[in-house]
Each structure stands twice: as structure tokens, then as C-alpha cells.
Protein chains: 2
Amino acid sequence: MKNYVDFMTARFKAAGYKITPQRIAVFRFLDGNKSHPTAEDIFAALRREYPNISYTTVYNILKSMLRIGGIQELVIDRERIHYDPNTSLHHHALCIKCGKIIDVIMPVKTLKLPGKISAQFIPTSFQIYFYGKCRDCEIKDAKEK
Amino acid sequence: MKNYVDFMTARFKAAGYKITPQRIAVFRFLDGNKSHPTAEDIFAALRREYPNISYTTVYNILKSMLRIGGIQELVIDRERIHYDPNTSLHHHALCIKCGKIIDVIMPVKTLKLPGKISAQFIPTSFQIYFYGKCRDCEIKDAKEK
DNA sequence: TTGGCTGCAAAATATTTGCAGAACA
DNA sequence: TGTTCTGCAAATATTTTGCAGCCAA
């Protein structure tokens, strides 16, 4: 499978979902996308190609992708949900000034919950979120002083 | 400082904020509270004592507490924000069935970002979120099968 | 006394839903 | 051709804001 578009197209077909131009456009937009877009970002990008596309469609497609896999929701920003086509284990850093999210690829041995907690909770995944300032905002802030 | 109410009252006074019955009620509700309540939970609890209390007041108080410290926002649930009066370093587990959040107290050495990333990002804190199923939901699901 | 705080109502924002018509398979 | 999908409009839910009156200091 050479790219994300073909990969997702195959997954949708396998799941019995139809392939529509809008769906392909979402796959294309997300292919290799490391910007962690929101539904609005995706909507805005697709609107150039499809002036009539609706939020409903964007949300529908994202929901389908979540259901069958191929995308990840990032719940890190209190204002809105971000999406990440990279579903392999990695983490994220949020700039509290500009809201930018960057990937944190680091080897973290699969975290084991302490015995007391594993009696109460069965984890299926985990995410590490770093909060701080990105380089650009750090520089901007330094200049203001 | 013997308890959270006195502690927060002192902090508010030190910051030049007034002490109102509603503020004390929020402090009291949060004292030792490990349920990770939402603004709605707090509103509902306070309403019993203060039938006229408004969401505005709850949100205002939470915002003040965030500003001067004494509370933490948990951005883990896609639907709403949860609050935690425990601001010491600890982590959380979210049950994807019932939405319950439980504390994860485990010793994690302060995580260091890989060199490549620390050139781009200066972290001030981090949070580990576990996603899975709580014991109660696990038992419920087992019975259904 | 007075500036900050509360509570009401309305606004803003993100996401979801009902439904009629379009279009993929 | 039939069912799923799209797009519009309206609904929902959470959080924020404007403002008049109240109250803690």
C-alpha cells in the first residue's frame, strides 16, 4: 500500500463504505499531514476544491475514519478536537501561546499502571501531552521584554 | 494551613480577590474531591445550597482559581472540561464507556523531551492520560455477552 | 463607599441531528 | 435501483460575554 489515500480507500471499501470525492479529498489532505488539523481546518482546505462541502460531511467522514481506524482524535486543546492521521504510538506537545501541536516521537516503554490501579482499570492505550511554549513564541516573548 | 478551604481563602486574599459565600462553597466542594467534576457538576452541587447560583459565577470562580493556582484543568474528555483540586504531579485514566476519570499516582521520572524536540519546544509540564475501561464497566460488558 | 462579584439573558463556538435530494456501487 | 452519502438548516451543549444591581472590604 503505497500511500495513505490508497490505504484508507481500501479500508473504507473493506468496511463496505462508499468512496466519494469528498472522502478522497479528506484522505488526500491528511496524507502525511503533521499539522494536527481541526475539523474547521479540514473544512477550509476542502472548500477550495469543493465550494459546497459542509461541516456535516467533514464530521461524518472523520467519524467513519475513527470507527474503522486510520485517524486519531487528539483531546489536548480545550477549545476543539484535533485529528492526526498518524495512529502509531507517539505523543504531543501543545504550545499554550499559539496553540500549535507538535509530534513527540520518543521511546517510552509501554507504561504499566501500578498494581492498585490495574485492579480498577484496564488500559488499552495512553498518551503523553506536554504543555509549554514553542520556539517561535519563546522568541516573540523574549523580544517583548 | 489545615485544609483546602483555608488554603484557597488565603490565596484569594493574597491575590486581592474577595471572599464570597459562593467562592467558599466552591472551595468546600472541591476540598479532597477526587471525582474530577465538570462545571456542571459543581453548579449542580452548589445549587442545593445556593438556588440562585449561576454558571457565570461557577466559571468565573474556576477561572480565578486557574489564574492564581489551586486547581487544574483536565483536557481528557472530548465533551467537556474536568477540574482537579489536586495540583501535584499525577496522571489520569479515562473509562471510555462511562466517562469516569480516576487518579493515577505513579512515579514517572520527569520526562525529558528528545534533543531534536527540545530545540523546538520548552515544556513546563506534562500529563499522561490512560484510556480504557474501568472495573465496573468491564464487569457489565462481560455479563452482556 | 466602591470596585469587584453575582446572576440573568443573550451570544459565541463547536459539534450533532433530521431530512430531502444526489450519487456511488 | 437502492442504499448510503451529502449538504442545508436547525438543534444541542458548553463556555463566554454584556450589563445592572449587590455586597465584601
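All values below come from the heavy atoms of this structure, side chains included, with hydrogens, waters and symmetry mates left out. Reminder, nothing fancy here: chain letters follow the sequence lines and each chain counts from 1. Source: prediction; values computed, not measured.
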Q: Quickly, which of A:Tyr129, A:Phe130, A:Phe126 forms a ring pair (Phe, Tyr, Trp, His ring centres under 6.0 Å) with A:His91? Name it, please.
A: A:Phe126
Q: Can you check whether any acceptor in the base of D:dC23 is under 3.5 Å from a donor in the side chain of B:Thr20, or vice versa?
A: no
Q: Examine the base of D:dT17 for any acceptor or donor lying under 3.5 Å from a partner atom in the side chain of B:Thr56, and report the outcome as yes or no.
A: yes
Q.
Within the 3.5 Å criterion, strictly below it, is a donor on B:Asp6 or B:Thr9 matched to an acceptor on the partner's side chain?
A. no
For [X] and [N], what is the distance between atoms [atom1] and [atom2] respectively, to the nearest whole Å?
| X | N | atom1 | atom2 | result |
| --- | --- | --- | --- | --- |
| A:Glu73 | C:dA14 | CD | P | 15 Å |
| A:Phe12 | C:dC24 | CZ | P | 15 Å |
| A:Ile24 | D:dC5 | CD1 | C1' | 14 Å |
| B:His82 | D:dA13 | NE2 | P | 16 Å |
| A:Glu40 | C:dT16 | CD | C1' | 17 Å |
| A:Asn52 | C:dA22 | CG | P | 13 Å |
| B:Ile61 | C:dG4 | CD1 | C1' | 13 Å |
| B:Phe27 | C:dC5 | CZ | C1' | 13 Å |

Q. Does any non-hydrogen side-chain atom of A:His90 lie less than 4.5 Å from one of A:Gln72?
A. yes
Q) Is any side-chain heavy atom of B:Met8 closer than 4.5 Å to a side-chain heavy atom of B:Leu30? A) no
Q: Could you say whether B:Ile81 or B:Lys18 is positioned toward the 5' end of DNA chain D, judged by the nucleotide with the nearest heavy atom to each?
A: B:Ile81
Q: Please figure out whether A:Pro51 or B:Tyr55 has its closest DNA chain D nucleotide nearer the 5' end.
A: A:Pro51
Q) Between B:Glu79 and B:Gly16, who's closer to the 5' end of DNA chain C by nearest nucleotide? A) B:Gly16
Which nucleotide in the list [options] gets nearest to the side chain of [X]?
| X | options | answer |
| --- | --- | --- |
| B:Arg78 | D:dG7, C:dT15, C:dC24 | C:dT15 |
| A:Tyr59 | C:dT16, D:dT15, C:dG7 | C:dT16 |
| A:Ile53 | C:dG7, C:dC5, D:dG7 | D:dG7 |
| B:Arg23 | C:dA14, C:dC5, D:dC5 | C:dC5 |

Q: Return no unless some side-chain N or O of B:Ser54 is found under 4.0 Å from OP1 or OP2 of C:dC8.
A: no
**Q.** B:Gln22 side-chain N/O to C:dG7 phosphate OP1/OP2 under 4.0 Å
**A.** yes
Q.
Over all strands shown, is A:Pro21 touching base, sugar-phosphate only, or nothing at heavy-atom distances under 4.0 angstrom?
A. sugar-phosphate
(Q) For the backbone of B:Ile76 and the side chain of B:Tyr131, can you confirm whether one donor and one acceptor N or O come within less than 3.5 Å of each other? (A) no
